[in-house]
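Structure first, commentary second.
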Amino acid sequence: MPASVSAAVTGADTAPAHEAGTIATGSVPVAMVLPKTSESPELLRIRHSMSHVLAMAVQKLFPRAQVTIGPWTESGFYYDFDAPDPFTEADLKAIKKEMVRIIGKKLPLERLEVNRQDAEDRIRGQNEPYKLEILAGLQDPITLYTLGEEWWDLCAGPHVANTSELNPKAFELESVAGAYWRGDEKNAQLQRIYGTAWQTPEQLAEYKRRKEEALRRDHRRIGTDLDLFSIEDEAGAGLVFWHPRGARMRLLIEDYWRAAHFEDGYELLYTPHVADIDLWKTSGHLDFYRESMFGPMEVDGREFQLKPMNCPFHVLTYASRLRSYRELPIRWAELGTVYRYERPGVMHGLMRVRGFTQDDAHVFCLPEQIGDEILRVLNLTERILSTFDFRHYEIHLSTRPESSIGEDAVWDLATQGLIEALDRKGWSYKIDAGGGAFYGPKIDLKIEDAIGRLWQCSTIQLDFNLPERFDLEYVAADGTRRRPIMIHRAIFGSLERFFGIMTENYAGDFPFWLAAEQIRLLPVTDDVRPWAEALQTQLAAAGVRASVDRSGDRLGKLIRTGEQQKIPVLAVIGEREAEAGGASLRSRREGDLGLAPASALIQAAVAANQARAAGLAIKGAVGSATATLQAP
RNA sequence: GCCGGUGUAGCUCAGUGGUAGAGCAACUGAUUCGUAAUCAGUAGGUCGCAGGUUCAAAUCCAGUCACCGGCUCCA
């Protein structure tokens, strides 16, 4: 079975494409195809040419700006300049205007093949030191592209033949950003101008719509709107406060995670948050990971270190007594909270934080168990991720890098184990040759979300280093002491980050089983409120998270509020329902479910929770209940 | 850390040197209402923080913290 079953199941296709205030109806219409640059030779030429037009416009308006490089990106293009004064947003408008003017002049773009000396002379004539550096790295033949009479750039092409092929209504300059010459922060800081360009204004409009869609799904915004979590200035950047609704959801995720691990033969550990700094010396983290760690603290004359990783603790637990080969494989998991120093400016909502909880696990096994254990991890990973409607993966296998530790035979065995497991699982993967860690090969898994973005979450890494450093052993059948194989693995990666990705995937429309508030009971009048309260009590007793809206507002307002808060099921209770002993159900996913008796509602909700279902399955409620009860 | 931008009420935002504003949310009262906003009223801010300039600073200046878009890095 291929890894990518279908993205259509991710729930997001049926997610409402609307502002928080409009009703969810049906699916997002099949949108216009917006090819990536690498998929469209036409767009590639347009975007590449557009970056030349950009550079020409900039040099026209800012003669002191020096050009560097200006490639296409998958959705547009950019150009890096070394300019004495920073570009402002206002400058972008002027630059865009100039670009429109250049395009309007219908300038030809011509490819010229020149010899190295000619190229160098031309560059020297214009005082463009970066170009000179680029030239030095080029192979013959040297080509350049002219843009009209006045401007040219070293470039391999391809380009459009004439700026008349560029649509001045189908491009946009998007932002200014700092970037480093050749991507190295030790080099000069350049100013990068990003733009996007399309064949038609309609494509540009669709591109903008998708950007807005991503904005609508932004977990930071949804987190605030639905009161799930916050990050407090006074506490510090990158530290997450889980509010009751977010905390309840996290608890549901954790409970599910724990249950799945117990079922799959794991035991759970709890380990400390700090430890003597010597532990980190032994593990090697102090040497190789220091810049990512919170500084040490002194207690009783000893230095303690806040943990950036859980591995050494699991290793110590293993080493706490002598192990037999009969015990292996040992599978230990922990929701371990770690703290890592992140540089200012890199924090991002829940996606990049300084304190987070890893769903970490370590498997200690015999060499011959590697294949089975990896396969087992792959199966568990698929099981857990698909519960959150992530069913489409991109998998990378990373092999031995040049500088690494360990014997060839062990590397081969381990790498073969990973390959064998992937093949047995039937998953296709890309090989990242030499991309493994210095201590072992690994499998990384990226999940695709509802709008096609890839996120790396799961990782499975073999480790030949820590068992060595901590001198881990087991007693083999022949009585000799041997070194166990150690596998690190995480499925969510970080609970915080996964929560953010999941929130964006569902656009805040969480499945029934996961919603903090699953059912909201809406009394039409005060007279029926006691019945609503009674039903709420029954639901709560059955483990269903229901509440009664006591605001006293009119039904229309109650519905509106409930929908804005994305409550999966709104249950209207008026006189009819009170008499019938039920509620009229309005589901975000299933629409109007009609009047259901209390017993049916409770039963369906309990069943949905057990099955971790996205919605309620109420059989026959619509027809029978409403028909009979409305008759008199 | 770097480049650019932004910090004003819970949220979205207006306010460019002279008494801090709006909408929504919240709270109180009236209304007892049938599937996306009933009406009226009340309360809420040392304008991110700490300095400076000024008779006077949300507003000008330098600093700092945080956030946003990127770069670099990364779970």
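In what follows, chains carry the letters A, B, and so on, assigned in the order in which the sequence lines appear, proteins first and then strands, with residues in each chain numbered from 1.
Here the side chain of A:His348 is nearest to one of B:G69, B:G34, B:A37, namely B:G69. The side chain of A:Val572 lies closest to B:G34, out of B:A36, B:G34, B:C68. Comparing atom distances between the A:Gln191 side chain and each of B:G1, B:G34, B:C3 picks out B:C3 as nearest. Closest contact between the side chain of A:Arg560 and the listed nucleotides B:C11, B:C33, B:A37 involves B:A37. The A:Arg340 side chain lies nearest to B:A75 when the options are B:C3, B:G1, B:A75. The side chain of A:Thr525 lies closest to B:C33 when the candidates are B:A75, B:C33, B:A36. Set against B:A66, B:C71, B:A36, the side chain of A:Ala237 has B:A66 as its closest nucleotide.
Comparing B:U31 with B:C67, their P atoms sit 49 Å apart, to the nearest whole Å. Nucleotides B:U35 and B:A43 have their C1' atoms positioned 32 Å apart, rounded to a whole Å. B:C39 and B:U19 are spaced 33 Å apart, taking the P atom of each and rounding to whole Å. Taking atom P on both B:U6 and B:C60, the two are 11 Å apart, rounded to the nearest angstrom. Nucleotides B:C13 and B:U38 place their P atoms 25 Å apart, quoted to the nearest Å. Nucleotides B:A9 and B:G17 have their C1' atoms positioned 24 Å apart, rounded to a whole Å.
Remark: B:C47 base-pairs with no nucleotide; criterion is Watson-Crick or G-U wobble with both hydrogen-bond distances under 3.5 Å. Across all strands shown, the partner of B:A26 is B:U42, judged by Watson-Crick or G-U wobble contacts whose two distances both fall under 3.5 Å. Pairing for B:U53 is absent, judged as Watson-Crick or G-U wobble with the two contacts each under 3.5 Å. Nucleotide B:C13 forms a Watson-Crick or G-U wobble pair with B:G21, both donor-acceptor distances falling under 3.5 Å. Base pairing of B:G1 is made with B:C71, judged by Watson-Crick or G-U wobble geometry with both donor-acceptor distances under 3.5 Å. Searching all strands for a Watson-Crick or G-U wobble partner of B:U59 with both distances below 3.5 Å returns nothing. Remark: B:A36 base-pairs with no nucleotide in the shown strands. Criterion, Watson-Crick or G-U wobble with two distances under 3.5 Å. With a cut-off of 3.5 Å on both pairing distances, the Watson-Crick or G-U wobble partner of B:U6 is B:A66.
In terms of heavy-atom proximity, A:Ile491 sits nearest to A:Ser458 at O-OG, 2.7 Å. Among all heavy-atom pairs drawn from A:Ala450 and A:Asn505, the shortest one is N-OD1, 2.8 Å. Heavy-atom minimum distance, A:Cys311 versus A:Leu466: CB-CD1, 3.6 Å. Residues A:Ile567 and A:Arg588 come closest through the heavy atom pair O-CD, 3.4 Å.
Taking A:Asp444 as the reference, A:Lys442 meet the salt bridge (Lys or Arg N to Asp or Glu O under 4.0 Å) condition, with sequence neighbours excluded. Residues meeting the salt bridge (Lys or Arg N to Asp or Glu O under 4.0 Å) test with A:Glu575, sequence neighbours left out: none.
Per the geometry, CD belonging to A:Gln461 stands 13 Å off P belonging to B:C74, to the nearest Å. Note: CD (A:Gln564) to P (B:G23) measures 18 Å, nearest angstrom. The distance between atom CZ of A:Arg529 and atom P of B:C33, rounded to the nearest whole Å, is 15 Å. Taking atom CG of A:Leu226 as the reference point, atom C1' of B:G10 lies 15 Å away to the nearest angstrom.
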Write down the protein N/O and nucleotide N/O pairs, taken from nucleotides 38-47 of chain B, whose separation is under 3.5 Å; answer none if there are no such pairs.
residue	atom	partner	partner atom	Å
B:U38	O4'	A:Arg554	NH1	3.1

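On a pure distance criterion of 3.5 Å, a polar donor-acceptor pair joins the side chain of A:Arg586 and the base of B:A36. For A:Glu342 against B:G1, a side-chain-to-base donor-acceptor contact under 3.5 Å is absent. In the interface, the side chain of A:Asp526 is paired with the base of B:U32 through a donor and an acceptor atom under 3.5 Å apart. Remark: the A:Arg192 side chain and the B:C3 base include no donor-acceptor N/O pair separated by less than 3.5 Å. Side-chain atoms of A:Arg497 and base atoms of B:A75 include no donor and acceptor less than 3.5 Å apart.
Stacking of the aromatic ring of A:Phe356 onto the base of B:A75 is found: the ring centres lie under 5.5 Å apart and the planes are inclined by under 30°.
Taking every heavy atom of residues 284-294 of chain A and every atom of RNA chain B, no pair lies under 4.0 Å.
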Decide side chain to side chain contact (heavy atoms under 4.5 Å, CB included) for A:Asp218 and A:Glu504; before the verdict, give the C-alpha distance in whole Å, the side-chain angles of both, and the deciding distance to 0.1 Å.
-> CA-CA 6 Å; A:Asp218 193 308; A:Glu504 301 202 356; 4.0 Å; yes
Which atom pairs, one a donor and one an acceptor, fall under 3.5 Å between side chains of residues 286-295 of chain A and the rest of the protein, sequence neighbours left out?
residue	atom	partner	partner atom	Å
A:Tyr289	OH	A:Arg340	NE	3.4
A:Tyr289	OH	A:Arg340	NH1	3.2

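Residue A:Glu234 is out of contact with every strand shown, counting any heavy-atom pair closer than 4.0 Å. Residue A:Val353 is in base contact, counting any heavy-atom pair closer than 4.0 Å across all strands shown. Counting non-hydrogen atoms under 4.0 angstrom, A:Glu575 reaches a base of the nucleic acid. Nucleic acid contact for A:Tyr194: sugar-phosphate only, since backbone atoms but no base atoms lie under 4.0 Å from a heavy atom of the residue.
Using a 4.5 Å heavy-atom cutoff, the side chains of A:Arg550 and A:Glu533 are in contact. In this structure, A:His273 and A:Thr337 have side chains that are in contact, with non-hydrogen atoms separated by less than 4.5 Å.
A:Tyr78 carries A:Arg192 over the face of its six-membered ring, with the cationic atom under 6.0 Å from the centre and within 45° of the normal.
Between B:U72 and A:Arg352, no contact under 4.0 Å exists linking OP1 or OP2 to a side-chain N or O.
For residues 229-247 of chain A, the set of pairs meeting the salt bridge (Lys or Arg N to Asp or Glu O under 4.0 Å) definition, not counting sequence neighbours, comprises A:Arg245-A:Glu517.
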